[in-house]
There are 2 protein chains.
Amino acid sequence: MTNVIDESGILAISTRLQRLSDQLRKDGLLIYKANGIEFEPKWFPVVYTLHLKPVLSVVEIAGEIGYSHPSTISLLKELEKQKLIRSKKDKTDERKRLIQLTEKGKALINDMQPVWNKMIIALTALTDTKNNLMKAIEEVEQQMKSFSFFERAQQL
Amino acid sequence: MTNVIDESGILAISTRLQRLSDQLRKDGLLIYKANGIEFEPKWFPVVYTLHLKPVLSVVEIAGEIGYSHPSTISLLKELEKQKLIRSKKDKTDERKRLIQLTEKGKALINDMQPVWNKMIIALTALTDTKNNLMKAIEEVEQQMKSFSFFERAQQL
DNA sequence: TTTATTTATGTAATTAACTACGTAGTTTTG
DNA sequence: CAAAACTACGTAGTTAATTACATAAATAAA
C-alpha cells in the first residue's frame, strides 16, 4: 500500500470501485478459460437474463441489465455471432425484435453451471469479510435512491 | 428492484461495482459544475497525487494511481492543455519527463478544497451503512492479495 | 382520419480505459 | 567496453461502454 490513491480515502472511491470491478472481470475470463468454457464475463448479464426470462425484446433486456440499448445491441450482435442467441420479429408489434437463447446457448449454460457454482463459492469467500461487499453495495444503492450523492453534496 | 441483475446475486458483482462507480463519477462531475469548478473527476487521481508528491515522472504517476502509463499520458495531455500541469526533462536521466502542477493548478486545488470537503462529507454519509463500502473494498483487496479470485476458483 | 407523440431499434461518434509495439536512453554483464 | 537487457515514454489500435441522432411502427389526440 505505497500508492497515493489507496491512501486518498473516500474521494477516490469511484476509481477504487472500477479497479476492483476490472480485476474481478479479468479473473472471471481466466476462470472460464481454465474450465474450457468459451464465454466472456461481459456476456453474463444478457445470458443470465435470458436464462430467467426466455423471450425478451432488445429494450426489455437493456432494462433488465441496466445498460443503454445501444450497448445491449452490440452485446446481442456478439452473442448472435457465437450462435448463442437468435431473434425473430414480434408479430403483434413489428418494431420489436424478440430475443431467445438457441439450443447451443442453453447447452452452454448447462455446461457453465459448475463454473458458476465455483465462482459463487470463491466470490462469497472473497467478499465475506467484516464489511460484506455485496451488502455494502446494496446499502449504498438504497441510500442513493432516497438521496443521491449530488443532492447530498448540494445540500451542505 | 424488478431487474434480473440486481437479483442475480454475487455473480454480477463486477457489473454492480462498475455501475456504482459510474454513478458516483457522474454525480461528481455535476457537483464540480454546480460549484463553479471546471474539473473532471477522472483528473482527480493525477492531480491529487501531484498535490501530495509535487514532482514525479510519467511512470511514477501511473504507478501511484494504478493506471497503465498510456492512460496516464492521455490524462497528462488533457491537464497540460488545461495548463494545470507542466513538464520538464530530468537532467540526470534524459528519458524521464518530470511533471508538476502549475500555479493555476495549485490555485485550482485551493479552490476545490471546499468542494472536496463537501464530497467527503456526502460520500461518508452515503457509505456509512451497516457494511461500510470503503472498508469492504479494502478488505476484499486484502483478501485478493493473499489469494486471488482466480486462484480460489481453481482450487475448488 | 390525419397529425402528433411515443416507443423500439439501429447507427455514428465519443470516451476512458487497455494491450502491443517501437524507440531511445540507462544499466548490467560477459 | 561492447553487447544485452531493462526502463521510460510515446503512438497506434482495441474495447466496452456511453450519448446523440435517425427512422419506422404503434398509439393517442385533434
Side-chain angles (χ1 to χ4, degrees), chain A residues 5 12 14-30 39-47 55-82 85 87-99, chain B residues 5 12 14-30 39-47 55-82 85 87-99:
Chain A
I5 289 310
S14 170
T15 301
R16 300 285 295 274
L17 288 167
Q18 204 187 314
R19 223 157 72 184
L20 193 49
S21 167
D22 284 355
Q23 266 179 288
L24 291 174
R25 182 163 293 192
K26 269 180 202 158
D27 271 22
L29 182 61
L30 290 180
F39 191 75
E40 298 190 23
K42 66 174 165 172
W43 296 339
F44 176 80
V46 170
V47 167
V55 184
L56 292 173
S57 74
V58 174
V59 168
E60 283 165 349
I61 294 173
E64 292 286 346
I65 69 178
Y67 283 11
S68 67
H69 83 271
S71 310
T72 305
I73 287 171
S74 92
L75 288 172
L76 292 173
K77 270 184 190 158
E78 290 181 35
L79 289 168
E80 206 147 21
K81 200 188 253 172
Q82 301 290 322
I85 61 156
S87 62
K88 59 174 188 214
K89 266 222 150 54
D90 183 337
K91 271 161 200 160
T92 70
D93 185 341
E94 289 282 317
R95 295 169 306 177
K96 282 189 184 170
R97 233 176 92 201
L98 297 178
I99 315 292
Chain B
I5 290 309
S14 168
T15 301
R16 299 286 293 276
L17 288 168
Q18 204 187 315
R19 224 158 71 185
L20 193 49
S21 166
D22 285 355
Q23 267 178 285
L24 291 174
R25 181 163 294 193
K26 269 180 201 156
D27 272 22
L29 183 61
L30 290 179
F39 191 76
E40 298 190 24
K42 67 174 162 171
W43 297 338
F44 175 79
V46 170
V47 167
V55 183
L56 291 174
S57 74
V58 174
V59 168
E60 282 165 350
I61 294 172
E64 291 288 344
I65 69 178
Y67 282 11
S68 68
H69 84 270
S71 311
T72 305
I73 286 170
S74 93
L75 289 172
L76 291 174
K77 271 184 189 157
E78 290 181 35
L79 289 168
E80 206 147 20
K81 201 188 252 170
Q82 301 290 321
I85 61 157
S87 62
K88 58 175 190 216
K89 266 224 147 53
D90 184 337
K91 273 161 198 159
T92 70
D93 186 341
E94 289 282 317
R95 295 168 306 177
K96 283 189 184 169
R97 232 176 92 202
L98 297 178
I99 315 292

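Note: hydrogens, waters and symmetry copies are ignored here, and every other heavy atom, side chains too, is used. Here is the naming used below: chain letters follow the sequence lines, and residue numbers restart at 1 for every chain.
- Put simply, CD on Glu94(A) is 12 Å from P on dT27(D), counting in whole angstrom units.
- Of the possible donor and acceptor atoms, one in the side chain of Ser14(B) sits under 3.5 Å from a partner among the backbone N and O of Ser21(A).
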Protein and nucleotides 14-17 of chain C: nitrogen or oxygen contacts under 3.5 angstrom:
| unit_1 | atom_1 | unit_2 | atom_2 | d |
| --- | --- | --- | --- | --- |
| dA16(C) | OP2 | Lys42(B) | NZ | 2.3 |
| dA17(C) | OP1 | Arg25(B) | NH1 | 3.0 |
| dA17(C) | OP1 | Tyr67(B) | OH | 3.2 |

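- Of all the heavy atoms in Thr15(A) and Pro45(B), the pair that sits closest is OG1-CG, 3.8 Å.
- Considering all non-hydrogen atoms of both residues, Gly28(B) and Pro41(B) come closest at C-CG, 3.9 Å.
- The heavy-atom pair separating Arg19(A) from Gly66(B) by the smallest distance is NH1-CA, 4.0 Å.
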Study note, to complete from the structure: Nucleotide by nucleotide, nucleotides 7-12 of chain C touches protein heavy atoms under 4.0 Å in the pattern (B base, S sugar-phosphate only, - none) BSBBB-
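- The CD1 atom of Ile85(B) lies 11.0 Å from the CG atom of Leu56(B); values are rounded to the nearest 0.5 Å.
- Rounded to an integer number of Å, the gap from NZ of Lys89(B) to C1' of dG25(C) is 10 Å.
- Rounding to the nearest 0.5 angstrom, the gap separating the CD1 atom in Ile99(A) from the CD atom in Glu80(A) is 6.5 Å.
- Closest approach of Val59(B) and His69(B) over heavy atoms only: CG2-CB, 4.5 Å.
- Put simply, CG on Leu20(A) and CG on Leu24(A) are 5.0 Å apart, with the number rounded to the nearest 0.5 Å.
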